[in-house]
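Notes follow once the structure below has been shown.
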Amino acid sequence: MASNDVNRIVASHLSYAYPEADRNAVEDVSVRVKKGEFLAILGHNGSGKSTLAKLFNALYVPSAGTVWVCGLDTKDDALVFDIRQHAGMVFQNPDNQIVATVVEEDVAFGLENNGVEPAQIRLRIDEALAAVNMSDFALKAPHLLSGGQKQRVAIAGVLAMKPDVIILDESTAMLDPSGRQEVMNTVHRLNREEGISVVIITHYMGEAATADYVIVMDDGRVAMSGTPREVFTQVAKVRALGLDVPPMTDLADMLRADGIGIRADVLTVDEMVEEVCRLSSRS
Ligand SMILES: Nc1ncnc2c1ncn2[C@@H]1O[C@H](COP(=O)(O)OP(=O)(O)OP(=O)(O)O)[C@@H](O)[C@H]1O
Ligand SMILES: [Mg+2]
């Protein structure tokens, strides 16, 4: 399919209403995720992020509009199985996602259910655990792992299906800062090295700052979109949508308010360091 080559997910005028709801949880959203692209979906609580993610994974079927995952229309019941292999989802609570009592069995779970041959299963488990740096834990009991390690096992379970897109719905929300960093490093590496497209939903603006593209949801609609720099430099608008800006953008904003001539579009710690060095070398 031609669209396979470039677009992993295409949503066109997508709307969704929960049964009995009096308004759409997702309203006329058009967005695309290209091959190798890293998208962050932001928005205050109840703005429609998780609903959108579930529409991307054929967990929900659109009330109006269309979603294609690697060219496959999610409205077609016969394609759901394929679609879930192309687009795997990782959720918030690692404990709800782990089903087996041994790490490698957990990673094998989806493969076994899909009738993959045992020799292939072995290979895929080994590859997937290596890809998330968890090979040493293959025979361990999941409940002994840290939150970050459990989420990496959950990601391995998705990876074993050889997906084109991984969707993470607040998958770092329950982790401590080091666990969050482990998971973010892992998905960035998979994105960079394996060309897997990534969609993250997050309340951490620092994580969103590392995406290629950001959309901000409000009341089911896309209220802002662009590169992280394009979005987060509109500090007042981002705040009006109930969000913070990334910590370094916030700091730059405060310094500017104090009359310090720092660049307004600082997003990351590295950029802040660069700016501070530039300013101090001038004084
Ligand atoms: N199962 C459901 N049945 C009915 N309404 C729902 C259901 N799940 C979510 N909603 C409603 O749909 C809207 C969007 O919810 P959604 O969970 O997509 O938001 P969200 O942006 O993911 O929020 P959060 O940041 O809290 O996770 C909200 O108004 C919510 O109350
Ligand atoms: Mg949600």
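If you're wondering where the values come from, they're calculated on a predicted model, not measured in any experiment. First listed ligand is number 1; within each ligand, the first listed atom is number 1. The figures here come from the full heavy-atom set of this structure, side chains too, leaving out hydrogens, waters and symmetry mates.
Every atom of ligand 1 with a heavy atom of His203 under 4.0 Å away is listed here by number and element: 25 (O). Every atom of ligand 1 is numbered from 1 in the order shown, and the set under 4.0 Å from a heavy atom of His44 is 21 (O).
Residue Ala25 places no N or O, backbone or side chain, under 3.5 Å from any N or O of ligand 1. By the 3.5 Å distance cut-off applied to N or O atoms, Tyr60 is not counted among the residues near ligand 1. At least one N or O atom of Gly48 sits closer than 3.5 Å to an N or O atom of ligand 1.
Salt bridge present: Glu275 and Arg278 bring a charged side-chain N and a carboxylate O closer than 4.0 Å. The residues Asp218 and Lys237 are annotated as not salt-bridged, no charged nitrogen and carboxylate oxygen being separated by less than 4.0 angstrom. For Asp212 and Lys34, the salt-bridge test fails: no basic side-chain N is under 4.0 Å from an acidic carboxylate O. With salt bridges taken as basic N to acidic carboxylate O contacts below 4.0 Å, none links Asp219 and Arg221.
Heavy-atom separations between Ala21 and ligand 1 are all 4.0 Å or longer.
Between Val269 and Met248 the shortest heavy-atom distance is N-CG, 3.6 Å.
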Worksheet entry | Candidate pair Lys162 and Glu127, rule salt bridge (charged side-chain N to carboxylate O under 4.0 Å, His left out), full reasoning | CA-CA 10 Å; Lys162 303 233 172 253; Glu127 277 177 8; 3.0 Å; yes

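In terms of protein heavy atoms, atom 25 (O) of ligand 1 is closest to Lys49 NZ, 2.7 Å. The single protein non-hydrogen atom nearest to atom 15 (O) of ligand 1 is Thr51 OG1, 3.8 Å, given as residue, atom name and distance. Of the protein's heavy atoms, Asn45 ND2, 3.6 Å lies nearest to atom 24 (P) of ligand 1. Of the protein's non-hydrogen atoms, the one nearest atom 14 (C) of ligand 1 is Gly46 O, 3.4 Å. In this structure, atom 17 (O) of ligand 1 lies nearest to the protein heavy atom Ser50 CB, 3.8 Å. Atom 10 (N) of ligand 1 has as its closest protein heavy atom Tyr18 CE1, 3.3 Å.
Heavy atoms of other residues, nucleotides or ligands lying less than 6.0 angstrom from CZ of Arg32 number 12 at most.
Checking each of Ile200, Val183, Leu42 against Glu207 for a side chain to side chain contact (heavy atoms under 4.5 Å, CB included) leaves exactly one that passes, namely Ile200.
Although no hydrogens or angles enter the test, the distance criterion places a donor-acceptor pair under 3.5 Å between the side chain of Arg84 and the main chain of Ala58. Looking at Asn191, its side chain does come within 3.5 Å of a backbone N or O of Gly36 through a donor-acceptor pair.
Residue side and main chain included, Gln92 places no N/O/S atom under 2.8 Å of the Mg ion (ligand 2).
Atom 28 (C) of ligand 1 lies below 4.0 Å from at least one non-hydrogen atom of the protein. Proximity of atom 31 (O) of ligand 1 to the protein is not indicated, since no non-hydrogen protein atom lies closer than 4.0 angstrom.
Proximity of Glu170 to ligand 1, defined as any heavy-atom pair under 4.0 Å, is confined to the side chain (atoms from C-beta onward).
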